[in-house]
Amino acid sequence: MDLRATPAEEAFRADLRAWLAATLPTLPEKALHTDWQARRAYDTNWQGLLHAAGYAGIDWPVEAGGRGASPVEQLIFKEECERAGAPYVGLGFVGLLHAGPTINAEGTLAQRTTYLPKILSGEHVWCQGFSEPGSGSDLASMRTRAVLDGDHYVVSGSKIWTSHAEVADYCELLVRTGTEASRHKGITWLIMDMKSPGIDVRPLKTISGSTEFAELFMDEVRIPVENRVGEENDGWRVTMVTLSFERGTGFVGELLESMRLLRELTELAKRTGAYGDPGIRRRIGHLAATFDGLWALTKRTVSEAQATGIPGIGGTVFKLSYSEAGQKMADLAMELLGDAGLLFDDVTHATDGQSLGNADHVENWIKSFNLTIAAGTSQIQRNIVSERILGLPKEPTVGAKK
Amino acid sequence: MDLRATPAEEAFRADLRAWLAATLPTLPEKALHTDWQARRAYDTNWQGLLHAAGYAGIDWPVEAGGRGASPVEQLIFKEECERAGAPYVGLGFVGLLHAGPTINAEGTLAQRTTYLPKILSGEHVWCQGFSEPGSGSDLASMRTRAVLDGDHYVVSGSKIWTSHAEVADYCELLVRTGTEASRHKGITWLIMDMKSPGIDVRPLKTISGSTEFAELFMDEVRIPVENRVGEENDGWRVTMVTLSFERGTGFVGELLESMRLLRELTELAKRTGAYGDPGIRRRIGHLAATFDGLWALTKRTVSEAQATGIPGIGGTVFKLSYSEAGQKMADLAMELLGDAGLLFDDVTHATDGQSLGNADHVENWIKSFNLTIAAGTSQIQRNIVSERILGLPKEPTVGAKK
Amino acid sequence: MNFQLSEDQVALRDGLQAIVEGRFSLDAVREREDASSVVDKAGWQALADAGVFCLFVPESLGGLGLSITDGVVAVEVLGHALVPGPIIGTMLAAGTIAGAAEGTTLVGIAATSDRGAVPGVLELPSDCDGYLVLPSARDGAAPATYLARSAISATLATRSLDPLHPVGRLNGPLVSGTLELSGTADALRRRALLLTAAFEVGLAAFALELSVAYAKDRYQFGRPIGSFQAIKHLLADELARLEMARAQLHYAAVVTDAPDIAAIDGEVYGLSSTQLEWRAVAGAKLLCDQAALSATKTAVQVHGGMGYTWEVPVHLALKRARVHATMLATSDQMADIVASLTH
Amino acid sequence: MNFQLSEDQVALRDGLQAIVEGRFSLDAVREREDASSVVDKAGWQALADAGVFCLFVPESLGGLGLSITDGVVAVEVLGHALVPGPIIGTMLAAGTIAGAAEGTTLVGIAATSDRGAVPGVLELPSDCDGYLVLPSARDGAAPATYLARSAISATLATRSLDPLHPVGRLNGPLVSGTLELSGTADALRRRALLLTAAFEVGLAAFALELSVAYAKDRYQFGRPIGSFQAIKHLLADELARLEMARAQLHYAAVVTDAPDIAAIDGEVYGLSSTQLEWRAVAGAKLLCDQAALSATKTAVQVHGGMGYTWEVPVHLALKRARVHATMLATSDQMADIVASLTH
């Protein structure tokens, strides 16, 4: 157990830090949260800069055009980016973190050549068409149907929680090619051009009032067979191959952001006087210890991935603890804000005249409810942890109801 | 909604209070906790006094020799007894609260005449033989077997969590007379004389170190058919008839005791200085509000029972909240005690030289773990609440495992 | 002892329920989202006509002359329907402030914050004609007053947490009004707390009902999600919380109406009747805060992704719960009051 | 960066595991219940022979010269087996106090309470030959000292909470020993906290394993109870708590061993290396307290009625968790330290 950086890791960090320090000041103003075209432009510009500097596809294999960084270097990359205040992966996340790696692992040479370079350079934005209104936790029950018609699949159905669908060029789409009863075994993975006729994108407003998600309606959309990745009816396995692609670093950005928010909260507590209350202090202490523990867990997971190629159990249990802590912190923030937590407009401190930062904390409170829902509800996470790690028996399959 | 006592209720309370004030000072010294014969003597003496004064079987119908008090009067009875520091029902509880009412509701005239008067007078102590080592939450899976042999049932098997079996005269015993697959439908309710040959009672030590429970082993114990209450294979229904006998007052003693413990804890917090910590004060406040809320819920439940004959949902949800609050209070006590919570011997306060009362609080902490287990685990309680009150669907029956 | 709703109370509840179903259907209420004025005048008038605002006004003055307990029963119904507007302030102002009982004057509550560093906000600044000004709890002797909206400098927030209960920023410290109200500010505060708690109970019940219905209808893995223990047990706990909170709320309302009962019960704890009343009210508000915050949070979780959409109404209950658990007083303040009266 | 156990650490763990399985089987440990002396001399000697007590003693003085991180790995194994006795004090005293390394002198830890009103208790008064006396955390400047058992007036409790870790009542305030220890009391306290936390991790892992095994074996309603979500989800949460606590424990041990890493990491938070070390250690102890208290409580619940029997060993882990979460410092104190170092 040695947490010292190797000379290579130190050099990687130093170079990156220098590049970030030189590059970030040159970025344009951030786009308005609601202006999707502007956000696309901002995010793809950033991806282009990363690409030019050799940081695009940090976790992609070198053969696929990525940097092929080690898990530890990936961690360093996320850490330095967050601490320097660099932009997030933003609209590029589906392409860079899921569709791209999937095509690289399972796609044909032609598919790899066609799609991967433009994901890396930021030219193309992808969206994900997995969840359906009727298939949330139970993804394998999806019903969007694809019927083979000559050399095309004809797709009809609907998807939900499709991020940035309005500005995406392509969609990684799961469709049912087998019978409904076939469940996991009748699903196929397709690349859908978002300019195809028959696609209707409707923004989906979330409880925070934002519309970064959409519903996707497909009415006899024709997708060439050559856009199929993997075999017909083998889409479930294709999807799973890359679901563990992120070796324990999936939540690093969020965790580091939570640590920053907690420091801000501590500052807020000092300004409002709440810090003098030992009960409030203990809650801060518990949260800080929990985030520290999750950071240590992340390092251990990454280290395991580096040593063994497998991220180990840390990555699986991380989200349960992180989600709970994130919600506790959001609740604490609302309590510290008091009345100022009831609006997004800046409220200023009565004594020091500075903003209380309430808008960020209120936004964070609303988003915190999604922590235990998105990317697998905590209930599903607990099933996975208890069955796959603890080896507890599955629930009996539904069958002979009496 | 009028919480004023009626003149009759006021008179009942005044009479009882006067009687308690006159009677309690005449009681002998309490028996040693570990001396079962002495405890039996103490408890049956108290029952005899209640009997003579007309308070025995407060909740029993008049026809059965009880007082037939209204639900509100029963509440007053428990309230006054607890506040005056009167003994608990003690060893009499199975006879008075379960076996007696069952026999009264379902027994023959001969059974009623034989058993009920001696339960009321305190002469006979009963124990309960329901749970089995393999049948805890799933009582209907019990396996203790009774085979008819002439005019006797021959019983073999074992029971667990049998309170005070060492000093009991009779046992209310559930046995399987049907096949194992018959579950609820193959169970019979028997009265077993504890002097019968073939019974072996072994004390069961709990995590608090006490032995108020026992395991009961039966090897071909012969029980006359005339001791059967209800029909053969109808024992489950017979049992359920009286499970709701206590109309919402089942935990009144425990709740009032918890309220007293919380007052003592508050006093302790003041003595140790912890009360100056707003976080500690808030925990006290939360607990006090919860116990107040449970007390209001109890009154509402009793009032519903009085008005409609049915206790309503209050009684069903009570235990969930009470168990959780009881464990939280026990944890708070341990934190307030600090090192003094690590032993049962009296620790005295460094400044005032008085006992910290640690033994009681530590005992209570250990017992608190049983709150969410005994009389239906919280998991089973939540099943009941969600299915019977909220109407949520049952889990699919185990059947076709794939 | 009788803890049941009286026949009159059941009639009050059912009658109001019928009006609310007609005037404040979920669709109708949602039309007010993001409106600068959330109060629908016709609906408000219907509430006035039903006697909601003159509920506490003595019959001799043309009101219904009902009790706080009756008021709690009524406000639970309104909370369940998410009815927007300054209901509680208007109910408490009626009889003193002209037009409140009739529905023509809308009266909010402006409570000065106990946290000096965080300036207060004003509820419904575009809707209210005036405010009951409750002095800080620390300033126990100061009377409650009435202040016209025009005398308060406040800016409507461009975006409030709860679209159905927008707030404004006070531009300066809140001053006392010129019209002094009868009764102590302390007593008025307790009544406002009770009615707010009643609204919370309505919110919690609404959220729980939505959740139960969804859990029965939504199938995943070939079963209604309500057949999974993970969901069932969450909802069972919410019901337990709600029923306990409701019982304490009703108890607190009864002792507020009947000081003789407060005196008798207070004796057991060594409390005066006012102290017992405070303990009951603060405990009720605390339990109702928890019930509403928890039931609405659970509702989001049970609805899964759908619970995170604007379309499904659970977020409206969640946000309103946060508003009512914050504005007049916080749970922490309530817990401290209960603790100070535990000995 | 390498967060894996080294080969030497794996060998240390496995070797100790083998010794513990031979000498400290559950049956063997349980024979010490309610014994006035819980230490089995032959077993203790076996631990000494394995080098447990001289683990931190430099090789030049005949010890193993291992790190705190190695010590944490070792103590996790001992905690998992519920090994009774003054393990941590003896490990920390070895090299300074004659006979500790060899297993002939048993050394407990006597920490003076930070709560003036509640007098301290003494661990294992019948077993220990002497104590490391750690001054109150508030008395930061006072050195740690060694005091012979004979110099302390304490009465063995007739009944301790934990039958395998009996305590005594101090009959008067604890005085400093005559032998002053090298290094600061502050550093010694951090090491003692870390090793205690390691013992807690062992307890939590033990309780979780018992629970999982029981949940697989125990059938109710025709299914193993471990197939019910209510049980599965409880245990999944315990695993999440445990793995997070263990990761932080190992991190805290590493920075305790390597001030250069503490300095680098501290820079990010604006903390000195000692401050970073304290933040890491206090956080680790806090998380390990929670993991142990929660996993053992859950173990009782999962075992149902059987968990409430003396026979099933879960209560021993539960009680020991309470002991170790209390004696040297409380979770509240740890949380306050972490908060004070968060800025």
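Everything numeric here is computed off the predicted structure, so don't read it as measured data. Chain naming here is simple, since letters A, B, ... match the order of the sequence lines and numbering starts at 1 in each.
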Exercise. Who among C:M334, C:R279, C:R246 has the most heavy-atom pairs with chain B under 4.5 Å?
Worked result: C:R279

Problem set entry | Taking every non-hydrogen atom, the tightest pair across B:G293 and C:A247 | O-CB, 4.3 Å

For this session: Measure distances from B:K319 to the heavy atoms of chain C and classify the residue's part below 4.5 Å as side chain, backbone, both or neither.
Result: neither

For this session: Verify side-chain contact (heavy atoms from CB on, under 4.5 Å) between C:E243 and B:L297, making sure each step is shown before the conclusion.
Result: CA-CA 7 Å; C:E243 290 303 325; B:L297 188 65; 4.2 Å; yes

Problem set entry | Contacting region of B:I313 [heavy-atom separation from chain C under 4.5 Å] | side chain

Seminar exercise, completed: Greatest number of non-hydrogen atom pairs under 4.5 angstrom with chain C, of B:G314, B:A5, B:A288, falls to B:A288

Problem set entry | Contacting region of C:S6 [heavy-atom separation from chain B under 4.5 Å] | both

Exercise. Which heavy atom of C:L286 sits nearest a heavy atom of B:G285, and at what distance?
Worked result: CD2-O, 4.1 Å

For this session: Could you look at B:Q381 and say if it's the side chain, the backbone, both or neither that has a heavy atom under 4.5 Å from chain C?
Result: neither

Problem set entry | Contacting region of B:R283 [heavy-atom separation from chain C under 4.5 Å] | neither

Exercise. Roughly how far apart are C:M244 CE and B:F291 CZ, rounded to 0.5 Å?
Worked result: 10.0 Å

For this session: Determine the option with the most heavy-atom pairs under 4.5 angstrom with chain C, choosing from B:R83, B:K270, B:R282.
Result: B:R282

Seminar exercise, completed: Under 4.5 Å to a heavy atom of chain C? For B:I389 that would be side chain

Seminar exercise, completed: Applying a strict 4.5 Å limit to non-hydrogen atoms, the region of B:L320 in contact with chain C is side chain

Seminar exercise, completed: On a heavy-atom basis, the closest approach of C:A236 and B:R382 is CB-O, 3.6 Å

For this session: Could you tell me whether the side chain of B:D292 reaches within less than 4.5 Å of the side chain of C:Y269, counting heavy atoms only?
Result: yes

Exercise. Taking C-beta and beyond as the side chain, do B:M1 and C:L5 meet within less than 4.5 Å on heavy atoms?
Worked result: yes

Seminar exercise, completed: Taking a cut-off of under 4.5 angstrom between non-hydrogen atoms, the residues of residues 12-20 of chain B near chain C are none

Exercise. For B:R388, does the CZ atom have more than 12 heavy-atom neighbours from other residues, nucleotides or ligands under 6.0 Å away?
Worked result: no

Exercise. Roughly how far, to the nearest 0.5 Å, is CZ of B:R281 from CG of C:D332?
Worked result: 11.0 Å

Problem set entry | Shortest non-hydrogen contact from B:L392 toward C:A215 | CD2-CB, 3.9 Å

Problem set entry | SB check B:E395 C:K232 (cutoff 4.0 Å) | no

Exercise. For B:Y275, is it the side chain, the backbone, both, or neither that has a heavy atom closer than 4.5 Å to a heavy atom of chain C?
Worked result: side chain

For this session: Output the option from B:D2, B:L294, B:V385, B:L287 having the highest count of non-hydrogen pairs under 4.5 Å with chain C.
Result: B:D2

Exercise. Take atom NZ in B:K328; do more than 12 heavy atoms of anything else shown fall under 6.0 Å from it?
Worked result: no

Problem set entry | Portion of C:E209 that has a non-hydrogen atom of chain B nearer than 4.5 angstrom | neither

Problem set entry | Proximity breakdown for B:T266 and chain C, heavy-atom pairs closer than 4.5 Å | side chain

Problem set entry | Side-chain (C:Q4) to main-chain (B:E304) donor-acceptor, under 3.5 angstrom | yes

Seminar exercise, completed: Most heavy-atom pairs under 4.5 Å with chain B, out of C:D8, C:L234, C:L239, belong to C:L239

Exercise. Which distance, rounded to the nearest 0.5 Å, do you find between the CE of C:M1 and the CZ of B:R300?
Worked result: 11.5 Å

Exercise. What's the shortest heavy-atom distance between C:A339 and B:I284, and which atoms?
Worked result: CB-CG2, 4.3 Å

Problem set entry | Inter-chain contacts: residues 254-265 of chain C against chain B, heavy atoms under 4.5 Å | C:V254, C:A258, C:D260, C:I261, C:D265

Exercise. Roughly how far, to the nearest 0.5 Å, is the NZ atom of B:K299 from the CG atom of C:N2?
Worked result: 12.5 Å

Exercise. Given a strict heavy-atom distance threshold of 4.5 Å, which part of B:T290 is in contact with chain C: side chain, backbone, both, or neither?
Worked result: both

